[in-house]
Amino acid sequence: MQKLPFCSAEKLREIASVYPTPFHLYDEKGIRETARRVQAAFSWNHGFREHFAVKANPNPYILSILKSEGCGVDCASITELMLAKAVGFEGEDIMFSSNMTPAEDYIYARKLGATINLDDITHIEFLKRNGGIPEKICLRYNPGGELHIGNTCMGHPWDAKYGMTRPQIFQAIRILQNEGVKQFGLHTLLASNSTDSAYYPTIARMLFKLAAEAHEMIGADFFMINLSGGVGIPYRPQQSPANIEEIADDVRRLYEQMIEPTGMKIHIASELGRYMTGPHGCLVATAIHEKHIYKEYIGLDACAANLMRPAMYGAYHHITIAGKENQPNDHIYDIVGSLCENNDKFAIDRPLPHIDIGDLVVIHDTGAHGHSMGYNYNGKLRSAEVLLQEDGSFSLIRRAETPLDYFATIDCTPYFAAIQKETEALEL
Ligand SMILES: *Cc1c(COP(=O)(O)O)cnc(C)c1O
């Protein structure tokens, strides 16, 4: 299947003439449509809530779009909580699914009234001392062993640092009941980027069973089952998107079988990140160099510091060349950035049309875990973020970093004048 960007070549050129490349571009229309689709799919469940995983795209403008669609957020650090508050999320809009949590993070999460997702049994005492135990709390489960879906092994939860064992969940519930907790949530996250439509139903079955057993055996009352994130997107042209309606319907059937007989009124929550915004972003860069040695290279003005996934996980990101979408892919290129690291390659041996210097290179599916994983290695600066609005207009929702941003955290009193002078001279 042909995989095209959400934005036409003309529009990309127009945007690039206003905001120089590289930049991440986001599609408001696509984000809204996905949010509506997820909520419609789970509308059978009273109180269903998608808590967007902030780490996937921590831009307040993106968060406020999701807020206006009725989503909450999932945060994991004090700064993500501050961001959520600034956008107007409050109380149970916010899931706080952290691990190895610093004391000040718990204190602040409690102050905001966020739903605490306890990663470990030892955090009960820690939370008691730092923020206090709330009346409703969520527990993160780690089933151990291997996660199988059909004949496929999806992962090794025993190897993951997150969550509590089954005996610990029961023990934690007893302790927390004595601490005055009235209602519990259950959470687990066992996969990343799973396009298998059985992933959510598999963990729903696991959590529904645990909740029903804890209800029957120790009288625990549950208010929420949180299926968390991990639903994948089709990064490759031959992949098809996860069918969220079918997934939600399978979860409904399990809910009817396993939860309804218990009489508990449980709402389903999700903490999708990638699924919500991943396909609705792209990294737009310019081809600035070509190099012919043992292989053919195209050098971009973007690098792994703007999009880490290919370098870090060998992840595939589809690439198209603006205006050459329908030309034959009759050249083989490595598409690379400028870091002094040989893994700084957006694509290796990728069939693409002939690329000219100055072409706009569109790296797809960067709307989640893209800009947010950025870093400053080699003194590279984080790029701008631009929002393509529903009416076709566009606006800058984060400016690109400047050298002064890069130097701002150093006590550079003795150097500051020199850096500032240089920045001004270079008009950066
Ligand atoms: C990363 C993360 C998510 C989102 O994961 P996606 O793969 O982007 O859906 C949700 N919940 C928690 C606790 C996470 O750490």
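Start at 1 and go down the list; that is how both ligands and their atoms are numbered.
- Atom numbering of ligand 1 starts at 1 in the shown order; those under 4.0 Å from a heavy atom of R274 are 6 (P), 7 (O), 8 (O), 9 (O).
- The six-membered or imidazole ring of H215 lies away from that of F222, with a centre-to-centre distance of 6.0 Å or more.
- For ligand 1, none of its N or O atoms has an N or O atom of A56 under 3.5 Å away.
- By the 3.5 Å distance cut-off applied to N or O atoms, H369 is counted among the residues near ligand 1.
- Near D74, meaning under 4.0 Å from one of its heavy atoms, ligand 1 places the atoms 10 (C), 11 (N), 12 (C), 13 (C).
- Nearest protein heavy-atom neighbour of atom 7 (O) of ligand 1: G230 N, 3.5 Å.
- Considering backbone and side-chain N/O atoms, S192 never comes within less than 3.5 Å of an N/O atom of ligand 1.
- Sorted by first and then second residue, the ring pair (Phe, Tyr, Trp, His ring centres under 6.0 Å) pairs with a member in residues 180-208 read F208-Y255; sequence neighbours excluded.
- The aromatic rings of F42 and W44 are tilted relative to each other, their planes meeting at an angle between 30° and 60°.
- Panel note: side chain N378, backbone K380; no donor-acceptor pair is recorded below 3.5 Å.
- Note: an N/O pair closer than 3.5 Å links E271 and ligand 1 by distance alone.
- Counting heavy atoms from C-beta outward, E125 and K128 have side chains that approach closer than 4.5 Å.
- Remark: the backbone N or O of I355 is not paired with any side-chain donor or acceptor of D359 at under 3.5 angstrom.
- At a threshold of 4.5 Å between non-hydrogen side-chain atoms, the residues I298 and D334 do not count as touching.
- Ligand 1 lies out of reach of M95, whose nearest heavy atom is not under 4.0 Å from it.
- At least one N or O atom of G273, backbone or side chain, sits closer than 3.5 Å to an N or O atom of ligand 1.
- Those atoms of ligand 1 that come under 4.0 Å of a heavy atom in K55, given as number and element, are 1 (C), 2 (C), 3 (C), 14 (C), 15 (O).
- Ligand 1 lies less than 4.0 angstrom from a heavy atom belonging to R140.
- Below 3.5 Å of separation, one finds no N or O of N193 facing any N or O of ligand 1.
- The main-chain N or O of H123 is never found under 3.5 Å from a side-chain atom of D120 such that the two would form a donor-acceptor pair.
- Under 4.0 Å from ligand 1, not a single heavy atom of N117 appears.
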